[in-house]
Amino acid sequence: MSQSLKVPTMAECMAEGRQPEILFWVGSAGSYDDRAKKITRAFVKILNKANVDFAVLGTEESCTGDVAKRAGNEFLFQMQAMTNIEILNAYEVKRIVTACPHSYNTLKNEYPQLGGNYQVQHHTQFIEELINDGKLEVGNTAFKGKRVTFHDPCYLGRANEVYEAPRTLLRRLGVDLVEMKRHKRTALCCGAGGAQMFKEPEKGDKDVNVLRTEDALKTKPDVIATGCPYCNTMMTDGVKAKEQENNIQVFDVVELIANAENL
Amino acid sequence: MNIIPNILFAAALILGIGYFARNVKKLVRNIKLGKDVDVSDHKEQRWKNMVRIALGQGKMTRRPVAGILHVIVYIGFIIINIEVLEIIIDGLFGTHRIFKSLGSVYGVLIGAFEVLALLVFVSVVIFWIRRNIIKLSRFWKAEMTSWPKNDGNFILYFEMVLMALFLIMNATDVVFQDMNSGNVISQYIAPWFSGVSEGTLHLIERSAWWLHILGILVFLNYLYYSKHLHILLAFPNTYFGKVNPKGQLNNLQAVTDEVKMMMDPNVDPFAAPEETGAESDVPDKFGASDVQDLNWVQLLNAYTCTECGRCTSECPANQTGKKLSPRKIMMDTRDRLEEVGKNIDANNGVFKDDGKQLLGDYITNEELWACTTCNACVEACPVSIDPLSIIIDMRRYLVMEQSAAPMELNNMMSNIENNGAPWPYNQMDRLNWKDEN
Ligand code: SF4
Ligand code: SF4
């Protein structure tokens, strides 16, 4: 049941002599990670459905450098950043949407000093806007009335104080939004940030993602929702570690919406 | 008239304040060992932060019990110090309760002080119980070795004694009790001394008076050696604290200059750098391995830390048993800075290499690599300290100067260099998701 998606690239748009309104920054996880690719596709389905004039960089996109910077490699980060900025500026990109809070944070906060100035949005903010502008309707959903808890990604929440957009969307879906004891400002990290995703944790008595999953399990959820590909991996692993994968699903907010639209 | 007490008092005052001034000078010198950083931006926001977070204790009440008790002690501390003004004038000029000519206003003032003194006393007792009997876990972490633990308690005893002395002083002051205005609390303490002769009563009153003011002078000088420096430094620290979004890590301009040069085919690598000026000078070191490599705001942070452990108790790494504790990062930075300061004092104003540094001798690689950069510590800190910025600066040193990242991270970084993604996938496959399902 493969469904063909309309995913124009910036290069194609340029060849056709048009300038898309939005650049969708897919990010490395969204491009290569099997689980994250599903999130990417879900978001594109929504973009297609709402007839958003967007494009991706495709093979011209390269890692934002977020992990390199947080691992301490400022050289590599700035090389990545300047390469990307050169391309983005060449295409005269003004607005960027991304489904990855790490890309969001880096593009929005760390590219300006290197000459990259864009209006950057997280996909939940962008979808909220689509709905408010009447470009997208969120109808009934299989998740209506289901208990859903939202895990705040650090780079969306504390780092940039975006707490409401994902929650507003969840409420629109009519789910029963249950908050973990520590949420928003005090949300516990999933354990992936700061380059931890790519290495074994230091010696300790527990993994961070398991601790965070335990927070989530206390709300007795049907679904753990999040808005970050890394958080998604960590929470999915956590649910498996707790042997709850048959009872609890981990979804990105955008997947719940695409599902509501039967996309 | 016997002026010996006045002279003694003046001497104590000069000694107390003089020694304090000496310590402040040392403090400022040590903080200035840090690198310069531009904090001239966002002036309005900075003032607002200071008023809200330091003056208004805006972040303390997030933990309501500790927060409210702390507000009481804080207000009590400030207001009761108005009384110190009277004590100083009395002490210098041999007067007795010089402000009592204010009449009923004086009664109201002293009455308020007495109530506050009692409230502070009670709050401090509760603080002590939380630390020592309930043993709140954040006061019992690994870095809370004997000195930090004792320091926390000393200050509580100090406050208890000062408040008690203030009330006893009022209770045994016959003239003041006879005025019967403002003695809202002390009138209930006065009867404890009912069997005592007037002479002894006067002696007790004088002793309490002297001990109270001497206690305050000692307290003032204890600050420098204690986490209680925060009662002064919280103000500049919240002003100079981070104003950018928490997720934004600072940009290293020196790296920018080099990368620009590398990427620009038109740049003559041998040409003298223009326009960027002094900033473009290649630093002797990327990142930080010792306190002098940090900037002065980070060093101010270290002196401001109250060792409250709010950061550590929210840290995901610490909660899962890793060695990392953001509070320890701040305490280590301060301890090392003090060590460097003493070294400078002992060597006529110049630092003599002591074969030690912050990295390795205080903070280990293992701690640094355990951080998820989640900003929970920064969010939790009631005085706007940023432990994460120090962790990142030290990681920068490890990676850019020593290539000492964990192996998996080195692999990840070479993937980024080679194929523009942290995984070993071909950049040409970046859009494949489009046609998969
Ligand atoms: S940023 Fe690092 S040190 Fe601070 S709370 Fe998070 S993991 Fe701990
Ligand atoms: S850094 Fe802040 S939160 Fe952490 S112990 Fe020091 S004062 Fe408390």
Can you tell which of [options] has the highest number of heavy-atom pairs within less than 4.5 Å of chain A?
{"options": "B/P316, B/A405, B/P406", "value": "B/P316"}
{"options": "B/M407, B/M428, B/M262, B/R396", "value": "B/R396"}
{"options": "B/M412, B/K246, B/E379", "value": "B/E379"}
{"options": "B/L409, B/L249, B/I392", "value": "B/L249"}
{"options": "B/N251, B/L431, B/N375", "value": "B/N251"}

Do [X] and [Y] pair up side chain to side chain, a donor and an acceptor below 3.5 Å, judged on atom types alone?
{"X": "B/R63", "Y": "B/S313", "result": "yes"}
{"X": "A/Q196", "Y": "B/T372", "result": "no"}
{"X": "B/D257", "Y": "B/Q253", "result": "yes"}
{"X": "A/T236", "Y": "A/N232", "result": "yes"}
{"X": "B/E367", "Y": "B/T364", "result": "yes"}
{"X": "A/N160", "Y": "A/N109", "result": "yes"}

Candidate pair A/F198 and B/W423, rule ring pair (Phe, Tyr, Trp, His ring centres under 6.0 Å), full reasoning = CA-CA 9 Å; A/F198 300 94; B/W423 296 281; 5.4 Å; yes
Contact leader toward chain B among [options], where contacts are heavy-atom pairs under 4.5 Å:
{"options": "A/A29, A/G157, A/P153", "result": "A/A29"}
{"options": "A/E110, A/M82, A/R185", "result": "A/R185"}
{"options": "A/Q113, A/K37, A/R70", "result": "A/R70"}
{"options": "A/R182, A/M79, A/K69", "result": "A/K69"}
{"options": "A/G58, A/G72, A/G204", "result": "A/G72"}
{"options": "A/G193, A/A81, A/C154, A/P201", "result": "A/G193"}

Part of [X] lying under 4.5 Å from any heavy atom of chain A:
{"X": "B/L252", "result": "both"}
{"X": "B/N426", "result": "backbone"}
{"X": "B/N432", "result": "neither"}
{"X": "B/A376", "result": "both"}

Could you go step by step and tell me if A/S62 and A/Q80 meet the side chain to side chain donor-acceptor pair (under 3.5 Å) rule?
-> CA-CA 7 Å; A/S62 188; A/Q80 287 299 117; 2.9 Å; yes
Audit row: B/R430, A/S28, side chain to side chain donor-acceptor pair (under 3.5 Å) steps and yes/no = CA-CA 8 Å; B/R430 214 174 167 97; A/S28 298; 3.2 Å; yes
is_close_aromatic(A/Y155, A/Y230), centroid dist under 6.0 Å =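 Distance test on ring centres: not under 6.0 Å, no.
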Do A/F43 and A/F24 have their ring centres less than 6.0 Å from each other?
->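 Yes; A/F24 has its ring centre under 6.0 Å from that of A/F43.
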Measure [X] against the heavy atoms of chain B and call it side chain, backbone, both or neither at under 4.5 Å.
{"X": "A/R212", "result": "neither"}
{"X": "A/T83", "result": "both"}
{"X": "A/E60", "result": "backbone"}
{"X": "A/N105", "result": "side chain"}
{"X": "A/V44", "result": "side chain"}
{"X": "A/E61", "result": "both"}
{"X": "A/A187", "result": "neither"}

For the pair A/N259 and A/E255, evaluate side chain to side chain donor-acceptor pair (under 3.5 Å) and give the outcome as yes or no after the intermediate values.
-> CA-CA 6 Å; A/N259 184 292; A/E255 292 180 293; over 6 Å; no
Test side-chain contact (heavy atoms from CB on, under 4.5 Å) applied to B/N295 and B/V37, B/I390, B/N301, the passing residue |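 With B/N295 as partner, side-chain contact (heavy atoms from CB on, under 4.5 Å) holds for just one option, B/V37.
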